[in-house]
Undergrad: 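I have a structure I would like to understand better, so I am pasting it below and will then ask my questions one at a time.
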There are 2 protein chains.
Amino acid sequence: MKGKKSGKDSPGGAIIGIDLGGTKILASVIDETGKVISHFKKRTKPEKPYPEVIQRIATCARGAAEEAGIPFSSIAGVGIGAPGTLNPLTGVIHQAPNLNWKEVHLKSLLEEDLGVPVFLNNDVNVGTLGEQRLGAGVGMKNIFGIFVGTGIGGGLIIDGKLYEGSSFMAGEIGHIPMVVDGPMCGCGKRGCLEAVAGRLAIVRTIFEAVKKGEKTSLTMEKNGDIMSIKSNAIAQAWISKDPLTVRTLKNAAFHIGRAVAIVISILNPEAVILGGGLIEALDNAFFQQVIKSTEMHTLPTMLKETKIVRALLGDDAGIIGAAFYARDCLSGNETYSPKNP
Amino acid sequence: MKGKKSGKDSPGGAIIGIDLGGTKILASVIDETGKVISHFKKRTKPEKPYPEVIQRIATCARGAAEEAGIPFSSIAGVGIGAPGTLNPLTGVIHQAPNLNWKEVHLKSLLEEDLGVPVFLNNDVNVGTLGEQRLGAGVGMKNIFGIFVGTGIGGGLIIDGKLYEGSSFMAGEIGHIPMVVDGPMCGCGKRGCLEAVAGRLAIVRTIFEAVKKGEKTSLTMEKNGDIMSIKSNAIAQAWISKDPLTVRTLKNAAFHIGRAVAIVISILNPEAVILGGGLIEALDNAFFQQVIKSTEMHTLPTMLKETKIVRALLGDDAGIIGAAFYARDCLSGNETYSPKNP
C-alpha cells in the first residue's frame with residue numbers, strides 16, 4: 001500500500017475525542033497512543049436550540065482538557081462522532097432525528113468557538129475505527145463493525161482507513177432487506193435488519209405478544225412505554241430464560257447472523273466486530289446463537305479467514321475512534337470517499 | 001489517495017488478456033488504452049489432463065500475438081481471469097469445478113511455458129475491473145459488479161483497484177442468504193441469491209412447474225436436460241410473455257434487486273454494474289424490474305448517489321480486465337488484499 005499507515009505520521013499532541021449522542025455528550029483527551037487521559041460528560045439536552053447544544057459540546061471539550069490538566073491551546077484538534085446523516089467534508093449534519101437537527105454546520109460553529117480544527121464523522125463509523133485501532137480489530141486492516149442498540153448501524157474500514165461511500169453512508173447494515181414482507185421499519189421499508197433485530201424491534205415484538213396474552217418476566221414500565229425497556233432488562237430476562245424473550249432474541253440472533261454472513265460474503269473481511277448496547281448487555285450464549293446462524297449461511301472457505309468477535313471498547317469506542325479520526329485527518333491520512341479527489 | 005492511480009504508471013507495451021472458461025479459452029492482445037488488437041480462441045477441453053489445457057492456453061496467448069502481428073518477445077505480461085477459488089499471490093487455482101482442477105499452479109506453469117510474467121485472478125473480479133476501466137464504470141473509483149449467468153458472481157473495486165478480501169473471495173454475492181428456508185443451492189446452503197436468481201435456478205423452477213403440469217413455450221431439449229436451456233431461449237420466452245417464464249423471471253429480478261439494495265446499503269458505491277449472460281440476453285424491461293425492486297429496498301438518500309447500470313463490454317470484459325489487472329500488477333499498483341503486506 002502506498003497510503004500512509006495509520007498512526008505512523010500522526011501529529012504529536014493530544015486530541016479531544018467527542019461522542020455526541022441524543023442523551024449525553026462525552027468528551028475525552030486522548031493521547032497519541034489512544035489512551036484516554038480524561039473524561040468530561042454533560043447531558044445533551046437536544047430540546048434546546050442547537051447553538052446551545054453546540055456550546056455544551058464546547059464546554060465538554062474545554063472541561064476534558066482541564067480535567068487532563070493541560071492548556072486547551074496545546075490541543076491539536078477535535079474529533080467528533082455524531083448520529084444521523086452528515087457530510088464529513090463540509091462538517092454539516094444534514095439530519096439527526098435524535099438531536100432534532102437539520103442542516104447544522106457543526107464543524108464550523110465548533111471551530112469558531114474552540115479555535116482548533118474539528119473533524120466530524122458518523123458515530124458508528126468512528127466507533128468502528130476505534131475498535132480497529134485499539135479494540136477487537138487491532139492489527140487488522142479490513143473490518144466491518146455492526147453495532148446493535150436501539151437501531152442497528154455499521155461501519156467499514158478498508159486498508160486501515162474509514163470507507164465512507166459516495167454519500168458518506170457506507171455501512172448502513174441496519175437497513176439491508178432481510179425478510180420479504182417483514183415488519184415495518186422506522187425508515188418506511190419492510191423487513192430491514194433493524195426492524196427484526198434492533199432493540200426497539202425486539203421490545204416491540206415482545207410487547208405485541210404480551211398484548212395478545214403471552215406472559216413475560218419483562219416489566220413494561222410507564223404504562224407499556226416500550227422505549228423504557230433497556231438492554232440490561234432484556235439481558236436479565238434472557239438469562240432467566242423467559243420463554244418469550246428467549247424466542248424473540250433467538251430470532252434476532254438468527255437474522256444478525258445472516259447479516260454477518262452477508263457482510264462476509266461481500267467483503268471477505270479479516271473480522272466482523274459486533275458491539276453496541278444490546279450485544280454488550282447480552283451474554284456469550286446469545287453471541288454463540290449469532291455465530292451459529294452465520295456459520296449456517298456462509299461458505300466454509302470464506303468463514304475460515306474471517307473472525308467474528310465482540311467489540312472490546314464499549315462506550316469508549318466513540319471517543320477513541322473520534323480522536324483517531326481527527327488524527328488521521330490532521331496527518332493527511334484521508335478516508336476512502338469518492339468525494340475526496 | 002497516496003496509491004498510484006490506475007493506468008498512470010502503466011508500463012508500456014502490449015499485454016495479453018486471457019479469459020479461461022469451462023468451455024472456451026479467449027486470448028487477446030490489448031494495448032495501453034485497453035483496445036483489443038486481436039482475438040484468439042480455442043475450446044478448453046477440460047476433460048483433458050490439466051497440463052494439456054495449460055498448453056492450449058499458451059497456444060492461445062502465442063496465437064493472439066501472431067494475430068496482432070507482433071513478436072511474442074515484445075509482450076510485457078499476461079493477465080488471466082479464471083473461474084473458481086484461487087490465490088492471486090501464489091498463482092494457484094485451488095478448486096475450479098468447471099475445469100475439474102484442484103491445486104493447479106497455473107501462474108508458474110504458464111510463466112515457464114511463455115517466459116513472461118503471468119498474473120492470475122478470478123474471472124468475475126477481472127470482469128468487474130474491465131467494466132470499471134473501460135465499460136460502464138469509467139471515471140468511477142468505487143463500484144460493485146454483479147454477473148448473472150449459470151450462477152451469480154460479483155466483484156468489488158475500491159479506490160480504483162480490485163478489493164479481494166482475506167481469502168481472495170470478496171464479492172461472493174451469489175451466496176448471500178436471500179430467502180429463509182429457500183431452495184437448495186449448489187453450495188449446500190439454502191436460499192442463496194444464486195439459488196433463486198441464477199440461470200440454472202430459473203430453469204429449474206420452470207422445469208419443476210412443467211413437471212407439475214404447467215405449460216411453457218420454453219422447449220426442454222435433450223429430454224429435459226435443463227442445462228441445455230440457454231439465456232437466449234429464456235429471453236425469447238420472456239419477450240413472448242410466456243406466463244411461467246415471466247413469473248419466474250420477475251421473482252429473480254425481485255431478488256437480484258434486493259441484492260443490489262444490500263450492496264448499496266453496505267458499500268454506498270458510485271455504481272452497481274449488472275452483467276453476465278442472462279442480463280445481457282434479457283431486455284430493458286427485465287432490468288427495470290430489478291431497479292424497481294432495488295428502489296423498494298434501499299434508503300432513498302443512498303439510492304441518489306449510486307448508479308445502477310448494465311455492463312457494456314459483454315464477453316470482452318474478461319480479456320480487457322485481465323489485461324488491466326496484469327498492467328496494474330506490473331506497475332506495482334497492487335490490489336487491496338490483507339495478504340499484501
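Proteins get letters first, then strands, A, B, ... in listed order; numbering begins at 1 in each. Just the heavy atoms: all of them, side chains too, but no hydrogens, waters or symmetry mates, feed the values below.
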Undergrad: What part of B:His94 gets within 4.5 angstrom of chain A, counting heavy atoms only: side chain, backbone, both, or neither?
TA: neither

Undergrad: Restricting to non-hydrogen atoms, name the atom on B:Tyr163 and the atom on A:Pro269 that form the minimum distance, rounded to 0.1 Å.
TA: OH-CA, 4.2 Å

Undergrad: Could A:Lys161 and B:Asp159 be called an ion pair, given the rule that one side-chain N must be under 4.0 Å from one carboxylate O?
TA: no

Undergrad: Is the side chain of B:Asn87 donor-acceptor paired with the backbone N or O of B:Ile93 at a distance under 3.5 Å, no angle test?
TA: no

Undergrad: Checking A:Arg310 now: which residues fulfil salt bridge (charged side-chain N to carboxylate O under 4.0 Å, His left out) with it, not counting sequence neighbours?
TA: none

Undergrad: Which value, rounded to the nearest 0.5 Å, describes the distance between A:Ile143 atom CD1 and A:Ile273 atom CD1?
TA: 3.5 Å

Undergrad: How far apart are the closest heavy atoms of A:Gly81 and A:Val126, and which atoms are they?
TA: CA-CG2, 3.8 Å

Undergrad: Just so I understand: if I count every heavy-atom pair under 4.5 Å between each of A:Val180, A:Val179, A:Thr85 and chain B, which residue has the most?
TA: A:Val180

Undergrad: Nearest 0.5 Å, please: how far is CG in B:Leu86 from CH2 in B:Trp101?
TA: 11.0 Å

Undergrad: Non-hydrogen contacts under 4.5 angstrom with chain B: give the residues of residues 186-195 of chain A involved, or none if there are none.
TA: A:Cys187, A:Lys189

Undergrad: Considering non-hydrogen atoms only, spot the tightest contact between B:Ile176 and A:Ser265 and give its length.
TA: CG2-CB, 3.6 Å

Undergrad: With a 4.5 Å heavy-atom cut-off (strictly below), which parts of residues 292-302 of chain A touch chain B? List them by number.
TA: A:Met296, A:His297, A:Thr298, A:Leu299, A:Thr301, A:Met302

Undergrad: What part of B:Met140 is in contact with chain A, defined as an atom under 4.5 angstrom from a non-hydrogen atom: side chain, backbone, both or neither?
TA: neither

Undergrad: Of all the heavy-atom pairs spanning B:Ile202 and B:Thr248, show the shortest one and how long it is.
TA: O-CG2, 3.7 Å

Undergrad: Take A:Asn121 and A:Leu162, measure what side chain to side chain contact (heavy atoms under 4.5 Å, CB included) needs, and give me the verdict at the end.
TA: CA-CA 10 Å; A:Asn121 212 303; A:Leu162 263 181; 3.5 Å; yes

Undergrad: Given heavy-atom pairs under 4.5 angstrom as the criterion, report whether the side chain, backbone, both or neither of A:Leu156 touches chain B.
TA: side chain

Undergrad: Please name all residues satisfying ring-ring contact (aromatic ring centres under 6.0 Å, His included) with B:Phe286, sequence neighbours left out, ordered by chain then number.
TA: B:Trp238

